[in-house]
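Below: the structure, in structure tokens.
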Number of protein chains: 2
Amino acid sequence: MSKSGEETRTRILKACWTLLEQGPDAPARMSDIARAAGVSRQAVYLHFPNRTELLIATTRFIDEASDIDERLATSRATTGGPARLDAYIEAWGNYIPVIHGVGSALMAMAATDEAARAAWADRMAAMRHGCDAAIQAIARDRRLRPGLDPVRATDLVWTLLSVRNWEHLVSDCGWTQDDYVSEIKRLARAAVVADTD
Amino acid sequence: MSKSGEETRTRILKACWTLLEQGPDAPARMSDIARAAGVSRQAVYLHFPNRTELLIATTRFIDEASDIDERLATSRATTGGPARLDAYIEAWGNYIPVIHGVGSALMAMAATDEAARAAWADRMAAMRHGCDAAIQAIARDRRLRPGLDPVRATDLVWTLLSVRNWEHLVSDCGWTQDDYVSEIKRLARAAVVADTD
DNA sequence: ATTCACGCTTGACACGGTGTCAAGGTAACT
DNA sequence: AGTTACCTTGACACCGTGTCAAGCGTGAAT
């Protein structure tokens with residue numbers, strides 16, 4: 001792909017990103033995305049085989065543009081189980097608003113499209129690994145709530161940190177991002193960390 | 001509507017219900033529903049103006065068939081804030097699997113269809129009232145976690161009890177229904193009830 | 001200067017799913 | 001026999017996705 005080809009590709013990705021960030025009010029059909037990128041509808045299909053792959057490519061584009069790895073590195077570096085859980089919630093919880101637009105679109109496609117389902121499941125599995133690492137750290141510190149299976153603890157934190165819950169609290173209930181993060185931290189601690197604080 | 005007309009209508013509603021209960025594998029297009037009901041596709045449109053209205057009617061049909069009011073009456077009758085919260089979680093949490101099929105379909109439509117969005121929002125608002133009543137009862141007992149705004153407490157319980165969370169824990173994580181109910185009870189208590197147990 | 005390849009545009013089309021329309025059939029009631 | 005209510009059949013429009021073929025402009029190689 002030549003320089004101009006690469007340029008067009010990123011213009012499409014940016015257009016897709018900004019369009020999906022507008023929320024569900026702004027339609028993001030292939031023609032809308034093409035128009036927003038200042039390109040013909042067919043040009044989009046020259047770069048991406050279908051809508052699902054465009055959305056998946058957009059998530060990768062956002063990942064790179066937002067330095068998700070760096071964000072998560074902080075939480076990995078944190079020592080001490082409960083503190084590490086906090087750090088992970090902060091890192092992921094503050095990333096949700098960034099990928100929320102594409103995430104919603106991808107989840108909507110997942111209902112009918114196998115590739116979209118797989119792509120989103122993959123991302124969520126990666127997120128789950130982060131939860132699991134935090135739970136392991138807590139277990140090593142012997143701070144896991146007595147009688148709580150580590151797998152189940154991971155399930156719980158994973159669920160609390162879901163994009164849907166963020167949507168529910170921030171979009172539907174009108175919470176601020178900061179309120180969301182701090183309340184989820186508290187809730188996650190209450191869910192999996194032993195009482196003796 | 002004559003007797004035979006009413007019969008056909010309920011046959012369509014039952015077909016829609018059972019088809020949606022199969023999950024996302026079984027497609028539930030208008031033609032599928034018609035076939036399952038042993039009726040022509042157009043007959044469906046003679047009873048329901050569009051797919052959204054059919055889904056909404058199906059939720060009402062399920063409500064009546066499942067005596068949701070009776071289920072919730074038990075929780076309303078329970079005295080003592082925390083116990084009432086438990087009872088509500090049990091009532092609603094055990095109702096989720098029943099309406100889950102239609103609920104999913106309706107949520108999927110909500111992405112594009114205003115009427116579907118409104119209908120689902122309405123149901124969720126009703127569910128929220130139940131959460132709020134439990135929180136009020138807890139507040140009356142002076143068992144609300146110190147410093148916790150009652151509205152925010154309702155937001156939290158409402159979020160915990162979302163259909164999406166049920167899906168996540170039961171379908172994705174493989175929890176049993178009983179595990180789901182008891183763990184959510186514990187989590188809700190940890191979220192909003194004062195520690196002094 | 002001509003040729004060639006590349007990236008893009010234009011305009012057409014197929015397909016699947018929703019919703020609409022018109023005409024006709026059938027059983028029951030009168 | 002005639003009317004009415006309910007249903008069927010088959011056609012069609014619309015919208016969004018994805019495909020196809022032909023053509024255009026530009027820059028680089030020869």
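Proteins come first, then strands; the chains are lettered A, B, ... in the order of their sequence lines, and each starts at number 1.
The listed nucleotides are D:dT8, C:dT18, C:dT10; the one nearest the side chain of B:Arg29 is C:dT18. Of the candidate nucleotides D:dT9, D:dG18, C:dC8, C:dC8 has the atom lying nearest to any side-chain atom of A:His47. For A:Tyr45, counting side-chain heavy atoms from C-beta on, the closest listed nucleotide (D:dG16, C:dG19, D:dG18) is D:dG18.
A salt bridge does not link B:Arg145 with B:Asp195: none of the charged nitrogens is closer than 4.0 Å to a carboxylate oxygen. Note on B:Lys14 versus B:Glu7: no salt bridge recorded, every NZ/NE/NH1/NH2 to OD/OE distance being 4.0 Å or above. Under a 4.0 Å N-O distance rule, the pair A:Asp63/A:Arg60 does not qualify as a salt bridge.
The interatomic distance linking A:Asp113 (CG) with C:dG17 (P) rounds to 14 Å, in whole Å. Taking atom CG on A:Leu55 and atom P on D:dT17, their separation rounds to 10 Å, with Å as the unit. Across the protein-nucleic acid pair, B:Glu7 atom CD and D:dC6 atom P stand 12 Å apart, rounded to whole Å. Here the P atom of nucleotide C:dT20 and the CZ atom of B:Phe48 are 15 Å apart, to the nearest Å. Between the CD atom of A:Glu6 and the C1' atom of C:dG7 there is a distance of 13 Å, given to the nearest Å. The CG atom of A:Leu46 sits 18 Å away from the P atom of D:dG23 (whole-angstrom rounding). Protein atom CD1 of B:Ile33 is 8 Å distant from nucleotide atom P of C:dT18, rounded to whole Å. In this entry the distance linking CZ of B:Arg51 with P of D:dC14 reads 23 Å, nearest Å.
For B:Gln42 against C:dT20, a side-chain N or O and a base N or O form a donor-acceptor pair under 3.5 Å. Under 3.5 Å, the side chain of B:Arg41 and the base of D:dG10 form no donor-acceptor pair of N or O atoms.
Of the residues B:Leu55, B:Val163, B:Ile56, B:Asp113, the one that meets the side-chain contact (heavy atoms from CB on, under 4.5 Å) test with B:Trp120 is B:Val163.
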